[in-house]
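The next block holds one structure in the form of structure tokens; read it before the comments.
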Number of protein chains: 2
Amino acid sequence: MITIYDIAKKANVSAMTVSRVINNTGRISEKTRVRVRQVMEELHYVPNSAARSLVLQETRILSLLITDITNPFYTTLARGAEDAAMKRGYRLLFSNSDEDVGKEKEYLEMVLSTRVDGVLFSPAGDNSLPQLEKLHKHGIPFVLIDREVPGVECDTVLGDSRLGARLLVEHLFQLGHRRVALLNGSMKVSTARERFTGYAEALKLHDLPWDDRLVFEAGYGRASLGTIEEAVERMLALPERPTAVFAANNFLALDAVKAFRRRGLDVPHDLSVVCFDDLDPNSVLDPFLTVAAQPAYEFGSMGIRLLIDRIHGVEAGSPRKKIVLPPKLTVRQSSAPPRS
Amino acid sequence: MITIYDIAKKANVSAMTVSRVINNTGRISEKTRVRVRQVMEELHYVPNSAARSLVLQETRILSLLITDITNPFYTTLARGAEDAAMKRGYRLLFSNSDEDVGKEKEYLEMVLSTRVDGVLFSPAGDNSLPQLEKLHKHGIPFVLIDREVPGVECDTVLGDSRLGARLLVEHLFQLGHRRVALLNGSMKVSTARERFTGYAEALKLHDLPWDDRLVFEAGYGRASLGTIEEAVERMLALPERPTAVFAANNFLALDAVKAFRRRGLDVPHDLSVVCFDDLDPNSVLDPFLTVAAQPAYEFGSMGIRLLIDRIHGVEAGSPRKKIVLPPKLTVRQSSAPPRS
DNA sequence: TTGTACGCGTTATCAC
DNA sequence: GTGATAACGCGTACAA
């Protein structure tokens with residue numbers, strides 16, 4: 001491997017001078033600067049970032065932990081994060097927990113051994129608490145994104161899940177629906193709880209009765225497909241069938257629609273389906289779902305911004321910041337008035 | 001930061017003993033092993049991988065460079081690669097070139113400074129040659145994936161683009177089409193050339209005349225959206241309009257269909273559209289496109305396998321391997337007999 | 001079974 | 001302007 005010493009020898013200077021040329025620090029005569037540069041080119045020198053971070057005590061790497069790499073919400077968020085990080089001279093180390101606290105724990109070990117400068121963290125759920133405490137113990141700055149964890153005080157970028165839920169459910173009410181089911185993620189995830197609350201608020205606001213049998217707790221992850229099938233089964237077996245479903249995220253909605261169709265039911269003719277989070281408009285031919293779309297890209301870029309501010313100590317002792325980005329109701333064909 | 005010295009002091013042993021406990025090397029009495037382990041727990045010790053890789057001269061990190069992170073073909077490939085890498089104790093550093101040789105070059109600099117143990121490389125095109133030569137100069141093993149680069153001899157995992165193209169075009173012929181347009185990627189990319197050849201072969205096999213005006217060179221990247229619009233415009237202005245389009249990848253097809261629809265044309269009623277590569281079946285409600293699907297996941301896992309074999313020198317001097325994975329024709333609604 | 005000395009590639013500090 | 005030296009955290013070779 002080519003090191004600064006190889007460069008130094010060939011250029012008849014000390015290693016220190018080479019280092020100064022590389023980093024543009026200190027005063028160097030133009031003559032030597034040019035010569036050193038030239039030797040570096042010749043030998044195809046590339047600095048060793050391991051050695052550098054060992055002495056500098058910083059890696060300029062940030063970790064991004066998301067819960068579902070197949071979900072366009074998170075891939076878009078990731079792009080926002082990457083763009084923002086690159087712009088500030090940081091690289092991003094991606095990890096994907098698949099909504100699984102176990103995997104999350106494994107990845108965290110890697111992240112710690114890499115000595116990343118900070119972590120942008122979308123927790124799998126409330127059980128992620130130990131992981132966050134570990135980060136805290138190690139003095140690694142982190143920012144929560146998309147989801148909160150009770151007991152953790154830190155900078156956070158969130159959507160307004162309650163508002164979005166209300167918007168969606170009220171949209172259904174306006175269409176004339178009165179029996180709306182909630183197909184929710186796990187109640188161990190803050191967004192699921194908030195969407196639950198928004199749903200309940202909407203019912204109350206419109207003086208509609210509460211019915212436990214209309215609430216189904218599945219899970220956000222791909223793993224919970226079986227649960228959705230079962231929920232749909234129970235939903236349809238109800239004495240008074242719901243005429244619409246509010247799904248807590250895009251994949252839940254997709255799977256619900258598929259489950260309905262497999263049973264010969266048409267959306268929106270037989271049931272309406274609405275949900276949180278959009279799909280990637282670029283790779284969908286016929287956008288179909290009525291959604292509360294979230295600014296996923298901004299989730300990522302804002303998160304990185306908060307994180308880097310913390311790292312640079314700009315915000316050293318400042319109180320935690322909580323940024324809430326509003327959702328946008330987008331009405332499409334999956335919602336329609338109920339069959340009379 | 002907690003180091004092995006901190007552990008050593010607290011456990012009343014030397015740093016070396018701690019190192020041995022961590023790596024399970026050498027003989028250590030059970031008593032000290034337990035004590036050291038305990039102190040490590042107490043102090044939440046995590047090894048510093050920068051320091052380790054500095055002395056070991058290996059990082060156990062592999063780089064995966066893909067050209068379009070929004071394309072499900074590549075995200076699926078990435079999952080395959082990650083699973084295979086994790087299984088063998090390697091981590092993956094993702095980079096996304098957006099089909100841009102410039103970005104590719106930037107990322108390569110990072111990759112080199114990270115001293116990754118190997119690179120799984122999906123080149124933006126033939127112009128990626130200098131990057132590959134650079135890797136070679138630095139003695140970093142690499143495997144090409146999905147695309148070849150003329151002048152580069154190395155292990156490769158490819159699809160059978162010629163066969164896939166022929167299957168798709170012959171499918172159109174069987175439906176009765178005689179004028180089939182080719183909406184291709186850049187001819188600076190090997191797969192585009194192969195798909196071109198397959199298209200030409202199919203014509204020849206069926207004694208159909210060659211027509212230059214039916215061939216359009218756009219680009220695989222998201223950036224070439226304008227080009228597609230223009231190609232469609234020219235295509236429809238032709239004296240004898242084609243009745244079907246073979247698009248060289250999924251996104252080209254998607255954009256073509258959208259462009260047709262904007263002009264009031266229906267697919268497949270007015271024109272059929274077929275393409276290479278599928279979309280993610282999980283996030284699509286109504287699979288519509290007739291495609292030549294490729295085993296994207298296996299592209300990734302096979303690639304990592306070849307790469308790690310090379311790294312471990314198992315295949316040190318062995319001749320380069322070229323693995324070709326066949327496509328699978330999947331007929332859906334986007335193709336139908338031409339209007340008579 | 002355990003410890004000492006050294007080196008991995010880089011930069012900060014201080015001296016010239 | 002430039003250089004010598006030590007230090008970052010860890011593992012190898014050799015010694016005890």
Side-chain angles (χ1 to χ4, degrees), chain A residues 1-37 39-40 43-61 109-117 138-140, chain B residues 1-37 39-40 43-61 109-117 138-140:
Chain A
M1 190 188 324
I2 308 286
T3 76
I4 47 174
Y5 281 94
D6 301 319
I7 311 293
K9 197 183 295 179
K10 194 156 183 177
N12 282 319
V13 293
S14 77
M16 209 37 237
T17 305
V18 178
S19 173
R20 280 194 266 258
V21 170
I22 294 170
N23 300 301
N24 283 317
T25 79
R27 265 162 294 284
I28 304 239
S29 79
E30 197 51 30
K31 228 181 292 181
T32 54
R33 183 195 307 283
V34 169
R35 196 177 37 188
V36 169
R37 281 257 160 73
V39 176
M40 279 170 48
L43 267 48
H44 306 290
Y45 171 77
V46 179
N48 183 325
S49 59
R52 175 176 277 172
S53 65
L54 197 56
V55 47
L56 290 183
Q57 299 287 61
E58 70 160 18
T59 55
R60 297 203 74 86
I61 296 180
E109 213 66 19
M110 285 187 179
V111 160
L112 288 175
S113 78
T114 306
R115 300 294 192 268
V116 299
D117 296 344
H138 284 259
I140 299 179
Chain B
M1 190 185 328
I2 308 284
T3 76
I4 48 172
Y5 284 95
D6 300 318
I7 311 293
K9 196 182 296 177
K10 191 155 185 179
N12 282 318
V13 293
S14 76
M16 208 36 237
T17 305
V18 178
S19 174
R20 279 193 268 259
V21 170
I22 293 169
N23 301 299
N24 281 318
T25 77
R27 262 163 296 283
I28 304 239
S29 79
E30 198 50 31
K31 229 181 293 182
T32 55
R33 183 196 306 282
V34 169
R35 196 179 42 205
V36 169
R37 280 258 160 74
V39 176
M40 280 169 49
L43 269 49
H44 306 291
Y45 171 77
V46 179
N48 182 325
S49 59
R52 175 177 273 170
S53 65
L54 199 56
V55 47
L56 288 184
Q57 299 288 61
E58 68 160 20
T59 55
R60 296 202 76 85
I61 295 181
E109 214 66 18
M110 284 188 180
V111 161
L112 288 175
S113 79
T114 305
R115 301 293 193 268
V116 299
D117 296 344
H138 284 259
I140 298 179

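Letters A, B, ... are given to chains in the order of the sequence lines, protein chains preceding strands, and every chain is numbered from 1.
Look at OH on Y45(B): it is 7 Å from C1' on dC10(D), rounded to the nearest Å. Rounded to whole angstrom, the span from the CG atom of N23(B) across to the C1' atom of dA13(D) amounts to 16 Å. Separating the NZ atom of K9(B) from the P atom of dC10(D) is a distance of 14 Å, rounded to the nearest angstrom.
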Could you go over nucleotides 1-5 of chain D and give all protein N or O partners under 3.5 Å, atom names and distances?
{"from": "dT2(D)", "atom 1": "OP1", "to": "S29(A)", "atom 2": "OG", "distance (Å)": "3.3"}
{"from": "dT2(D)", "atom 1": "OP2", "to": "S29(A)", "atom 2": "N", "distance (Å)": "3.0"}
{"from": "dT2(D)", "atom 1": "OP2", "to": "T32(A)", "atom 2": "OG1", "distance (Å)": "3.0"}
{"from": "dG3(D)", "atom 1": "OP2", "to": "S14(A)", "atom 2": "N", "distance (Å)": "2.9"}
{"from": "dG3(D)", "atom 1": "OP2", "to": "S14(A)", "atom 2": "OG", "distance (Å)": "3.2"}
{"from": "dG3(D)", "atom 1": "OP2", "to": "T17(A)", "atom 2": "OG1", "distance (Å)": "2.4"}
{"from": "dG3(D)", "atom 1": "N7", "to": "R20(A)", "atom 2": "NH2", "distance (Å)": "2.5"}
{"from": "dG3(D)", "atom 1": "O6", "to": "R20(A)", "atom 2": "NH1", "distance (Å)": "3.3"}
{"from": "dG3(D)", "atom 1": "O6", "to": "R20(A)", "atom 2": "NH2", "distance (Å)": "3.3"}

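For the pair V36(B) and A11(B), the tightest heavy-atom approach, listed with the atom from each and the gap, is CG2-CB, 4.2 Å. Shortest non-hydrogen contact noted between S14(B) and A8(B) is C-CB, 3.6 Å. Looking at every heavy atom in both residues, I140(A) comes nearest to V116(A) through CG2-O, 4.2 Å. Minimum heavy-atom separation, N24(A) to R33(A): OD1-NH1, 3.6 Å.
Applying the side-chain hydrogen bond (donor to acceptor under 3.5 Å, both in side chains) test to S49(B) and every residue at least two apart in sequence or in another chain returns nothing. T32(B) meets the side-chain hydrogen bond (donor to acceptor under 3.5 Å, both in side chains) test with S29(B); sequence neighbours excluded. E109(A) is linked by a side-chain hydrogen bond (donor to acceptor under 3.5 Å, both in side chains) to K134(A), counting only residues two or more places apart in sequence or in another chain.
Nucleotides of DNA chain C lying under 4.0 Å from heavy atoms of chain B occupy a range whose first and last members, 5' to 3', are dT1(C) to dG9(C).
When side chains are defined from C-beta on, E58(A) does not count as touching R115(A), because their heavy atoms never get closer than 4.5 Å. Side-chain contact check for V13(B) versus R35(B): some heavy-atom pair is nearer than 4.5 Å.
Remark: side-chain polar atoms of N48(A) are paired, donor with acceptor, to backbone N or O of A50(A) under 3.5 angstrom.
Residues from residues 47-56 of chain A that place a heavy atom under 4.0 Å from any atom of DNA chain D, listed by number: L54(A), V55(A).
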